[in-house]
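Below, each value reflects all heavy atoms present in this structure, side chains not excepted, and no hydrogens, waters or symmetry copies.
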Amino acid sequence: MRIYNFEEEAESVNVDEIYMKEAFKLAQKAYEEDEVPIGAVIVSQGKIIGKGYNLTERLNDVTAHAEMQAFTAAANFLGGKYLKDCTLYVTVEPCVMCAGASYWTQISRIVYGAKDEKRGYASVNPKIMHPKTLITSGIMEAECSELMKRFFKSKR
């Protein structure tokens with residue numbers, strides 16, 4: 001006997017939001033460790049292969065951004081420096097340094113949450129991204145932006 005379900009499909013799941021939630025968890029971890037609350041994950045074939053959050057204070061290293069941590073982890077996982085067919089999910093628009101690093105990884109796609117009007121790559125040099133990298137912005141923008149505002153408000 002077969003059972004058929006004639007009810008409408010449940011609301012479709014937004015894959016970008018699923019992975020951004022994972023990046024957001026890492027941003028919250030950074031916040032708890034008194035680091036600038038940015039988190040990043042890299043996904044390949046539906047699997048997280050790299051993740052990171054800001055560690056600039058802990059490591060006393062200005063290059064220890066979330067994206068840089070995730071790039072290194074993903075490259076180690078894949079056994080190579082190129083991240084073709086991978087997607088970076090990051091809670092805040094990458095800075096120029098991270099955008100430049102993404103160029104060299106040849107990552108296929110970058111999805112970010114909140115814009116960074118002061119230090120984001122788009123306000124400094126929007127052409128810094130690899131020409132084949134697709135950019136999606138605004139995923140969980142409100143949550144990502146609010147976490148950053150809360151962090152910097154606590155510093156003033």
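A chain of hydrophobic side-chain contacts below 4.5 Å, direct or via other Ile, Leu, Val, Met, Phe, Trp or Tyr residues, connects Ile128 to Val124. Phe77 and Trp104 end up in different hydrophobic clusters when Ile, Leu, Val, Met, Phe, Trp and Tyr side chains are linked at under 4.5 Å. Under the 4.5 Å side-chain contact rule for hydrophobic residues, Met140 and Val15 share a cluster. Linking Ile, Leu, Val, Met, Phe, Trp and Tyr whenever their side-chain heavy atoms come within less than 4.5 Å leaves Tyr82 and Ile48 in two separate clusters.
By the 4.5 Å heavy-atom criterion applied to side chains, Thr105 and Tyr103 are not counted as neighbours. Residues Met97 and Thr63 are in side-chain contact: their nearest non-hydrogen atoms beyond the backbone lie under 4.5 Å apart. Side-chain contact between Thr56 and Asp61: absent, with no pair of heavy atoms (C-beta onward) separated by less than 4.5 Å. Residues Tyr89 and Glu17 fail the side-chain proximity criterion, which asks for heavy atoms closer than 4.5 Å. Between Asp116 and Tyr121, the closest side-chain pair of non-hydrogen atoms is not below 4.5 Å. Taking 4.5 Å as the limit, every side-chain heavy atom of Thr91 sits out of range of all side-chain heavy atoms of Leu147. In this structure, the side chains of Phe71 and Leu88 come closer than 4.5 Å at one or more pairs of heavy atoms. Contact of the Met148 side chain with the Val36 side chain is registered, since non-hydrogen atoms from C-beta on lie closer than 4.5 Å.
Lys115 NZ: more than 12 foreign heavy atoms inside a 6.0 Å radius. The local environment of CZ in Arg150 is crowded, with over 12 non-hydrogen atoms from other residues, nucleotides or ligands closer than 6.0 Å.
Between Tyr31 and Phe151, the ring planes are perpendicular. Angles over 60° get that label, and only those under 30° would be called parallel.
Residue Asp34 holds its CG atom at 12.0 Å from CZ of Arg58, rounded to the nearest 0.5 Å. Going from atom CD1 of Ile42 over to atom OG of Ser102 covers 9.5 Å, rounded to the nearest 0.5 Å.
Met68 and Ala101 get closest at one heavy-atom pair: SD-CB, 3.6 Å. Of all non-hydrogen atoms in Val41 and Tyr19, the two that sit nearest each other are CG2-O, 3.7 Å. Nearest heavy atoms, Cys144 versus Gly113: SG-CA, 4.2 Å. Of all heavy-atom pairs spanning Ser44 and Cys86, the tightest one is CB-SG, 3.8 Å. When all heavy atoms of Pro37 and Ala30 are compared, the pair lying nearest together is CA-CB, 3.9 Å.
By the 4.0 Å N-to-carboxylate-O rule, Lys51 lies too far from Glu22 to be salt-bridged with it.
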